[in-house]
Amino acid sequence: ETGVTQTPRHLVMGMTNKKSLKCEQHLGHNAMYWYKQSAKKPLELMFVYSLEERVENNSVPSRFSPECPNSSHLFLHLHTLQPEDSALYLCASSQDVLGRSQYFGAGTRLSVL
Amino acid sequence: TQLLEQSPQFLSIQEGENLTVYCNSSSVFSSLQWYRQEPGEGPVLLVTVVTGGEVKKLKRLTFQFGDARKDSSLHITAAQPGDTGLYLCAGDDFNKFYFGSGTKLNVKP
């Protein structure tokens with residue numbers, strides 16, 4: 001148990017669907033992150049939130065829309081995705097925004113058909 | 001370009017062997033972390049090193065932070081099949097946080 005819970009664990013969606021990924025952390029951390037992990041590629045940082053404010057957005061397509069309603073919850077809203085968006089999406093949290101000692105959830109395995 | 005270069009990319013060894021994986025950069029890092037990720041799971045933090053020259057031990061795993069704080073190594077003694085996984089180094093250069101591309105380790109029984 002890492003203290004970071006992601007749901008769902010697996011998701012299959014068509015290119016016209018709208019879905020959301022959820023992340024919840026029970027560690028009292030102030031920073032939360034979304035990463036994308038594809039086969040044969042390093043972890044790609046997508047978004048960073050600090051105290052519910054977005055502090056980093058690494059040129060992510062607008063079909064990915066993050067939301068952080070409070071310091072414990074993070075969402076990633078998905079719409080009109082492409083097959084190349086199929087990947088493992090990981091949420092993480094850390095005490096501060098510099099990201100030292102991040103704690104990860106188990107991820108959502110997303111398949112876009 | 002990758003700020004943190006890990007080597008080797010792949011390593012397949014027999015149970016009982018020793019191994020070392022490396023994490024190198026041309027930048028100075030305030031701290032470095034090592035993670036292990038098993039298939040279908042998220043990375044799990046193993047250790048954080050913050051002082052140049054620091055050595056930390058976690059059972060059969062020994063982590064070292066370079067004196068100049070630009071590199072780190074992970075040494076595993078008497079590897080076991082349970083050590084199989086993707087080993088990632090990560091760190092912050094006082095400004096941003098980076099992950100390396102990882103070393104995929106397979107320990108055969």
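- Around the NZ atom of B/Lys104, the shell of radius 6.0 Å holds no more than 12 heavy atoms that belong to other residues, nucleotides or ligands.
- Summarising the geometry of A/Pro42 relative to B/Gly100, their closest heavy-atom pair is CB-O, 4.2 Å, with the distance given to 0.1 Å.
- Once rounded to the nearest 0.5 Å, the distance linking CZ of B/Phe99 with CD of A/Glu44 reads 13.0 Å.
- For the atom pair CG of B/Leu46 and OG of A/Ser101, the computed distance is 11.5 Å after rounding to the nearest 0.5 Å.
- The candidate with the highest count of non-hydrogen atom pairs below 4.5 Å against chain B, out of A/Val48, A/Leu45, A/Leu90, is A/Leu90.
- Annotation for A/Arg9 and B/Gly40: closest pair NH2-O, 3.0 Å, computed over non-hydrogen atoms.
- By a heavy-atom distance cut of under 4.5 Å, B/Leu86, B/Leu88 are the residues of residues 74-89 of chain B near chain A, going up by number.
- When B/Leu45, B/Leu32, B/Val50 are compared by the number of non-hydrogen pairs under 4.5 Å with chain A, B/Leu45 comes out ahead.
- The hydrophobic clustering, which links ILVMFWY residues whose side-chain heavy atoms are closer than 4.5 Å, places A/Val55 and A/Phe47 apart.
- With 3.5 Å as the limit, one finds a donor-acceptor pair spanning the side chains of A/Gln37 and B/Gln37.
- In the hydrophobic cluster analysis, where Ile, Leu, Val, Met, Phe, Trp and Tyr join through side-chain heavy atoms closer than 4.5 angstrom, A/Val4 is grouped apart from A/Met32.
- Hydrophobic clustering of Ile, Leu, Val, Met, Phe, Trp and Tyr side chains at less than 4.5 Å, counting indirect connections, unites B/Val21 with B/Val107.
- Counting non-hydrogen atoms of neighbouring residues, nucleotides and ligands closer than 6.0 angstrom, the CD atom of B/Glu17 exceeds 12 such neighbours.
- Rounded to the nearest 0.5 Å, atoms CG (A/Leu43) and OH (B/Tyr35) are 9.5 Å apart.
- Both B/Tyr98 and B/Phe65 are part of a single hydrophobic cluster, where members link through side-chain heavy atoms under 4.5 Å apart.
- More than 12 heavy atoms of other residues, nucleotides or ligands sit less than 6.0 Å from atom CD of B/Gln14.
- Transitive grouping of hydrophobic side chains (ILVMFWY, heavy atoms separated by less than 4.5 Å) keeps A/Leu88 and A/Met46 in distinct clusters.
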